[in-house]
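Numbers restart at 1 for each chain; the letters A, B, ... are given by sequence-line order, proteins then strands. Excluded from the calculations below are hydrogen atoms, water molecules and symmetry mates; all remaining heavy atoms, backbone and side chain alike, are included.
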Amino acid sequence: MELLSGADMIARFLQDEGIEYIYGYPGGAALHIYDALFRQDKVKHILVRHEQAATHAADGYARASGKAGCVLVTSGPGATNAVTGIATAYMDSIPMVVLCGQVASHLIGEDAFQETDIVGVTRPIVKHSFSIRHPSEIPEVLKKAFYLASTGRPGPVVVDIPKDMTAPTERYEYVYPKKVKLRSYNPVTRGHTGQIKKAVEMMLKAKRPVFYTGGGVVTGKASEGLTDLVKQLGYPITTTLMGIGAYPQSDRQCLGWLGMHGSYESNMAMHHADLIIAIGARFDDRVTNSTSKFCPTAKIIHVDVDPSSISKTVRADVPIVGPASSVINEMISLVQGHKIAHPEALTEWWEKIDGWRADREGKLYEPSKPGEALKPQEVIEALCRVTRGEAYVTTDVGQHQMFAAQYYKFDKPNRLITSGGLGTMGFGFPAAMGIKQNYPDDDVVCVTGEGSFQMMMQELSTCKQYGVGVKIVNLNNASLGMVRQWQDLNYKSRHAHSYMESLPDFHMLIEAYGFTAITVNTLDELEPALERAFADKHELVFLDVKVDPFEHVYPMQVPLGAMRDMLLSKTERT
Amino acid sequence: MRHIISILLENEPGALSRVVGLFSQRNFNIETLNVAPTEDPSLSRLTVTTVGDDRVIEQITKHLNKLIDVVKLVDLTEGNHIERELMLVKVKALGAARDEVKRTVDIFRAQIVDVTPSLYTVQITGDAGKLDAFLQAMAPVGILEVARTGVSGIARGDKVLSL
Ligand SMILES: Cc1ncc(C[n+]2csc(CCOP(=O)(O)OP(=O)(O)O)c2C)c(N)n1
Ligand SMILES: [Mg+2]
């Protein structure tokens, strides 16, 4: 029997759970835990420069690896600084465990120094939370936290740890719990066979089918199965922003992504479909546009592991509650050996879709002319070429995010790492840091904007400390571009506080941390700069790319319209 | 439509706040709420009455079921059920009204559980409609204070809500 203090139990548990990196920031209430981490060397602690960055780094790692990320912060301001990152993970269903120090039990409720009711503050943005009430519970509670975070529909779990629970003098028996059970939590492991059969019958009989798949396929590790199923049927597929890469985008059957800034052909196909096969997607308002006009002629099959996602905003005709992977596998075995009922209708459907594709071919944006400012789209296309479409691409939030998602071609899941649900500026850089540490031999690039980057740029210091060689491509339009675009469209171009005045000299800023910065002004400087940036996998390089500040993101769905109602450029609309 | 949802909840600190928080977070409405431990001290039974169309009620039950602390729930209004609420009311009882109140209490099969020279304290149980009717009857006399427990309920027949 082994007796350990609460703090040592935490360190040991993390080792036994196979956690390699924990992102955090110390403070009074967490110091016993920090001391325990110091006295071991299996779990590596990464000292960020702001707790929000710790959560984004753990989140980025979780998205890239499919395993739960882990964060450690102190009570009060440490914990509240982590809130934005917890909400970001919650909205995108990312597995994460956040350990928060707390004031000692006897002080709780007294407004003690650095006391915050973090369980209360985070209640609406966590999958679940725990407060430790006795040190001996620590192994069991931590196991439950990781189990809850990473099963079913994943999400962040907060564990509140009063300081006395980790006191070095109090020792209790430690056993690593291999398994835990919660009587009220039994995530479904497979879908209802009858419903799946019904769905497959509809799929085989459809004349204008579209697969519409989301982040649930990525977090549910169902990309291979999905690719199989879609190829077997020969149907078109569109994904959500969160689902990008679950099906290879370079394949002909992939229409790109859908919704507010989705591709023309995706939105058109959705609008005209007679069957929508939704898997691991949640009919979110950035996808559906006005739900009353959404896909008027389509029947809807909706597969999701979370029953509350089904029929939340759009009524499903065939609801299937189950994990994407097992439902897809069952679908595959039911489809095998069957022919689709209307091959001629499918041919016609593809002709229609190819027509929509051809309509926009070569018209997506106007490339820059010599002497003009670079177009952000050109930068992403060049980035995709230089990295052969294989990099992990994280983004911040704004126009640059949409351009990255539109113009980089992703053939693998977990490669576009972006805050879709919450839309958190500041996410991209720390997320890239978390990924790069775990995948040191891969290219990891953060596509950012000068607005977003300034929200988390203190992490340059963390990258310096740990030698994290991420690449940063700053699409510098000297404005809060996405805000400005809305102001152009809805406020007669009154640019209220969307112009970034007093920008730093990014070159000097990056050099102050000892890193390389390259400024790019023209098209002929672009590819050489990118080549240079990616020459050494272990070097942080910052590209400050000056891009056209007047560019807009298109297509853009018209508010309150149907899927097919889109602005296609500053002068065209459907 | 009005629904009565009964929940078996882990008897844990914070569990109740998760349920209540869910209602405000998702813009669901709570008309009454009643909660107490069951014969199994690890479980509380919570009964909530809420109003919404089928879509809203479906969302409410799905989201409640998603809470880790919710062990089981039933929408009692889906079947035959017994609904009860207890109310304590202080009413003015002076002069002629004193007898009038007494008679009304008898008609409603309520009980007077405390008296002073100027008021009666009345205890009454029944479904929410009966309690409302009693309050209406007492309004002209003068209601001084009302304490209602909120609705509790149970299914009729063999059906039981248990682990
Ligand atoms: C933390 C946070 N605050 C505000 C917003 C609202 N917002 C969305 S996009 C955007 C502009 C982002 O500017 P920048 O990072 O320069 O990107 P650009 O649109 O110019 O490419 C803002 C302010 C947000 N998404 N997140
Ligand atoms: Mg910008």
Taking all non-hydrogen atoms of both residues, which atom of [X] and which atom of [Y] are closest, and how far apart?
{"X": "A:Ser311", "Y": "B:Gln59", "answer": "O-NE2, 3.9 Å"}
{"X": "B:Leu22", "Y": "A:Arg123", "answer": "N-NH1, 4.0 Å"}
{"X": "A:Pro307", "Y": "B:Lys62", "answer": "O-NZ, 2.9 Å"}
{"X": "B:Gln25", "Y": "A:Pro124", "answer": "NE2-O, 3.3 Å"}

Original post:
Is it the backbone or the side chain of A:Leu148 that comes under 4.5 Å from a heavy atom of chain B, or both, or neither?
Top reply: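 It is the side chain, since no backbone atom gets that close.
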**OP:** Select one option (side chain, backbone, both, neither) describing which atoms of A:Ser129 are under 4.5 Å from chain B's heavy atoms.
**Re:**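 Contact with chain B: backbone and side chain both.
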Original post:
How long is the gap from CD1 on B:Ile68 to CZ on A:Phe130, to the nearest 0.5 Å?
Top reply: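 One gets 7.5 Å once the value is rounded to the nearest 0.5 Å.
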Original post:
Between A:Lys127, A:Arg133, A:Arg153, which has the largest tally of heavy atom pairs under 4.5 Å with chain B?
Top reply: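 Most heavy-atom pairs within the cutoff with chain B belong to A:Arg133.
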Subject >> Choice from A:Val119, A:Leu182, A:Asp306 maximising heavy atom contacts with chain B below 4.5 Å >> reply: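 Most heavy-atom pairs within the cutoff with chain B belong to A:Asp306.
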Original post:
Does the distance from a Lys or Arg side-chain N to an Asp or Glu carboxylate O, for A:Lys312 and B:Glu58, drop under 4.0 Å?
Top reply: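 Salt bridge between A:Lys312 and B:Glu58, a charged N being under 4.0 Å from a carboxylate O: no.
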Exceeds 12 heavy-atom contacts within 6.0 angstrom, atom [atom1] of [X]:
{"X": "A:Asn186", "atom1": "CG", "answer": "yes"}
{"X": "B:Lys130", "atom1": "NZ", "answer": "yes"}
{"X": "A:Lys143", "atom1": "NZ", "answer": "yes"}
{"X": "B:Asp53", "atom1": "CG", "answer": "yes"}
{"X": "A:Leu422", "atom1": "CG", "answer": "yes"}

Original post:
Hey, mind stepping through B:Leu67 and A:His128 against side-chain contact (heavy atoms from CB on, under 4.5 Å) and telling me if it holds?
Top reply: CA-CA 8 Å; B:Leu67 292 178; A:His128 196 58; over 6 Å; no
Original post:
What residue, out of B:His63, B:Lys66, B:Arg18, has the most heavy-atom pairs lying under 4.5 Å from chain A?
Top reply: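 Winner by heavy-atom pair count: B:Arg18.
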Subject >> Residue pair B:Arg26 / A:Ser308, side-chain donor-acceptor N/O under 3.5 Å >> reply: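 On atom types as modelled, these side chains do not qualify, holding no pair under 3.5 Å.
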Original post:
Which is it for A:Arg183 and B:Ser42 under the side-chain contact (heavy atoms from CB on, under 4.5 Å) test, yes or no, and what are the steps along the way?
Top reply: CA-CA 12 Å; A:Arg183 63 178 169 185; B:Ser42 73; 3.0 Å; yes
